[in-house]
Every structure is written in C-alpha cells, then in structure tokens.
Amino acid sequence: MKQVIMIKYGELTTKKDNIGLFLNTLKKNIDYVLKGFNVQIEYDKGRMFIISNDDNYDQINGKLKNVFGIHEFILAYKLEDNDLDIIGQNILSLIKDKEVNTFKVVTKRSDKKYPISSMEVSRYIGGIILKNINSAKVDVHNPNLTVNIEIRSNATFLYFNSILGLGGYPVGVAGKGLLMLSGGIDSPVAGYMSIKRGVKLEAIYFESPPHTSIEAKNKVQQLAKRLSLFNNGIKLHIINFTKIQEEIYKKIPHEYLITIMRRMMYRISAKIASNSNAKILVNGESIGQVASQTLNSMSVINEVVKLPVIRPLACFDKLEIIKIAKEIKTYDISILPYEDCCTIFVPKHPVINPQLSKCIEYEKLLDYESLIIEAIKNHEIIKINNEEVLHQDIL
Ligand code: ATP
Ligand code: MG
C-alpha cells in the first residue's frame, strides 16, 4: 500500500460545462502552492491524487488548506487490488494499532462494473473486522472508527478521516477583480470572500503621504500578503492620493468630503481595473456601517462607474466580519493603529443623504480629470508573488 492524498472537489462537479477549466485551474493552483515539493498530481474521474516522493504529507496538507476549490482532502492508502479478502487483510493491518470499539464501514464504488454492491462490500469487510478484533462492535450511527473504502477501476483507496477544505471555486475561474484594499478590518475579508468564488484579485490602495504614514502602507502590504496566500500572489497598485485629497479638502464643503473623495477613488479604481482587465470592483462596504455606506451614499458614489461593484460584506454585521478576519488571520494586522487616508480627512458631520446634483456641482470646482490621469500615471505597483510567503506556515 502506498500513501496518497485524495482530493474531492465538491461544488466543482455541479458545473459540468466548465469542468475542464475548473480542473485545470485547480491543478495549476495546487501546483503553485506545492512548488518545491517532489510530487505528482493525477486525475481520475471526480478525484485528484497527490503522490509525494517524500514523507511530508503533513506539510502538503498545510498547503492544501489554503486552496479554494478543494472540498475535502484525505490521506488515503492506495491498494492496487480490489479483491475483497485482500482489502480486508489490509484494513486489519491498518487498524491493528487503533483502539476499535465501535465502527462502521462505508463503501463507495466509482467502478460501477465492480460485481458487488457497496452495501455488500461494507457488510463483508465488517464481518472480517468482527471476526478478527474482539473488541469491535458495529455502530452505524456514532462509531469511533469509520473505515472508508473507495473502489475505483484502477485501485482501491482506504481511509479513516478526511480534512475539510475551503470549498468555493479555484481562484481564477471566475475572471479577475480589483479589490479596494484599505488597512481596515473589512476589505481584506471582502477580498477573501471574492477569491472564494474564483475571482483572481488585484488590489488597489490609496495613500496620502505625509498625512498617512509608511507604516500604514506596510500594513496594507501585510494584508495583501495574507490574501496572496489564497490568490496565488497578488498585484498591489498604490495610488498617491495626496493632491486629490488636498484639493477636495480645500474646495469642497466639508460635509461632502467623503462622498467626493470616494467618487474619486471609484473613478481611479475603475480605470485601473480596465487597464488590468478586471471585470468588477470589490470593496468592504457594509450597508449602514458609516455615513458613506447608507443606500443613498452608495448610490451617489457608485454612479461614477459602470462596472459592477461587488460588496461581499453588504449584509454582514461587524461581529460577523471580525470573526472571519480572525479566521483568516488578517484581524491582528488590521487593528494595528496606523491610519489610512479616509480616517484623517473625516469631517465632523459627513452627509448621510448626499445629492447627486450637489456632487456634480462641487466637482466642477476641481480639475479632477487631470489629477486622476497624473495619479494613475505615477502609480506604484508591488507584485507579491509570494514564494517567501508560501514557505512560511502562517495558516
Ligand atoms: P473598517 O474596517 O474600519 O470599516 P474600512 O477600510 O472598511 O475600515 P471604510 O471607510 O468603511 O473603511 O471604507 C469602505 C471601503 O472602501 C473599504 O472596505 C475599502 O474597500 C475601501 N477603502 C477605504 N479606504 C481605502 C483606501 N485608502 N484604499 C483603498 N480602498 C479603500
Ligand atoms: Mg468598513
């Protein structure tokens, strides 16, 4: 018997028309996280198998935990035989050191030509276990050991436990999106949730030095690095927003500062998205969270762009968002104290129900088009291709 990792894709199998794309992308993504490991990856109907030439399955599992599109992964024993007595003997040798009180056998036959039904296989193997292990008793509802047998045309796989994967779709199958990434708690979570649906992200961050510090920028890079784990690296666009923000601060009535500032952010993001072939913007807005996230504000701000703006957190409470941020380990980075541009220019009384006509009128006071062109022309790109991130076991 040889050890292998057996991967189940879950949701993928419901997308019959796209299955080729899904599998190729998943394989590419697994290759990416296992770069440097001496492994082969094989497919067989509905399953993927990873065979390692070294004894390092724990490390490999650690990497697979971060790959979207994997529903379950299993350390299995591969037996190049499907004779029932041989299967039984091998199971006995695998469980001889385990404490077997109650057990059940679960069989799956992907080889439909196999002459015996799954139920009969389970019963037969259960009989062998009962005959050979005195303490063993069958309990189909709450066993302390489940013996899984998967009979496939080329081999039989035996296993006891499986590890839940992240689920979702392999990153990249849905196309590309641009995440508006701030140093806050929300946007990294929004990014994670869109990667889960197969969206390959680039990220954009607006900084306003010297009003914002280098630490704030480093913090956003740390967050981007964390996301890059799930996204196979990430490209981070950094926009110097200082001039635009100072102009707004000088010329616009202060209750409209945030509304106009966010309209500028959206405009720039849409241009960067279009240059990068990203089809959507993603951000961390949540209905009602702050003045700029009332339905009225959102609609007035959204009005400046044509591409869809996806807000994965639109209907989440802050506590629900924090829970995910902790799970994906962005929370501790997000709560570092360095402020980014929004927080510095926040007026005392931001408008809750901004009017589009006023935005248009106020924006005439700014020469924003040339400022936007300049900001985009001079923007910095940081590519995190995460070799070094991958080899730290951070999740
Ligand atoms: P918090 O987690 O504290 O709410 P936040 O980053 O979500 O922080 P908001 O003012 O609620 O702050 O901003 C709403 C969304 O706008 C963010 O989730 C993010 O997607 C985007 N955004 C805000 N500021 C920036 C910025 N400086 N650069 C890029 N995107 C930003
Ligand atoms: Mg927020």
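In listed order, ligands and their atoms are each counted from 1.
Taking distance alone, with nitrogen or oxygen atoms compared against 3.5 Å, Asn283 stays at or beyond that limit from ligand 1. No N or O atom of Val282 sits closer than 3.5 Å to an N or O atom of ligand 1. Looking at Met265 next to ligand 1, no N or O pair under 3.5 Å apart turns up. Residue-to-ligand polar distances place Ile185 within reach of ligand 1: an N/O pair is separated by less than 3.5 Å. Remark: ligand 1 and Asp186 share an N or O pair separated by less than 3.5 Å (distance only, no angle test).
Remark: Lys358 pairs with Tyr256, Gln355, Tyr362 by the side-chain contact (heavy atoms from CB on, under 4.5 Å) rule, at least two apart or across chains.
At least one donor-acceptor pair closer than 3.5 Å links the side chain of Lys219 to the backbone N or O of Ser334. In this structure a side-chain-to-backbone donor-acceptor pair under 3.5 Å is present from Arg226 to Lys329.
In this structure, a donor-acceptor pair under 3.5 Å is present between the side chains of Thr107 and Ser122. Looking at Tyr124 and Asp85, their side chains do bring a donor and an acceptor atom within 3.5 Å of each other. Looking only at atom types and distance, the side chain of Ser162 has a donor-acceptor partner in the side chain of Glu72 under 3.5 Å away.
By the 4.0 Å N-to-carboxylate-O rule, Lys251 lies too far from Glu246 to be salt-bridged with it.
Between Phe68 and Phe230, the ring planes lie tilted relative to each other; the angle falls in the 30° to 60° range.
Listed by number with element, the atoms of ligand 1 under 4.0 Å from a non-hydrogen atom of Leu181 are 28 (N), 29 (C), 30 (N). Close approach to Gly284 involves these atoms of ligand 1, each under 4.0 Å from a residue heavy atom: 17 (C), 18 (O), 20 (O).
Contact annotation: Gln293 has at least one heavy atom less than 4.0 Å from an atom of ligand 1.
At a heavy-atom distance under 4.0 Å, only side-chain atoms of Lys318, from C-beta outward, approach ligand 1. Contact annotation: for Ile204 versus ligand 1, heavy atoms closer than 4.0 Å belong to the backbone alone.
Counting only non-hydrogen atoms, the option in Met261, His237, Arg262 that gets closest to atom 21 (C) of ligand 1 is Arg262. Comparing Ser182, Ala190, Gly184 against atom 25 (C) of ligand 1, the shortest heavy-atom distance belongs to Ser182.
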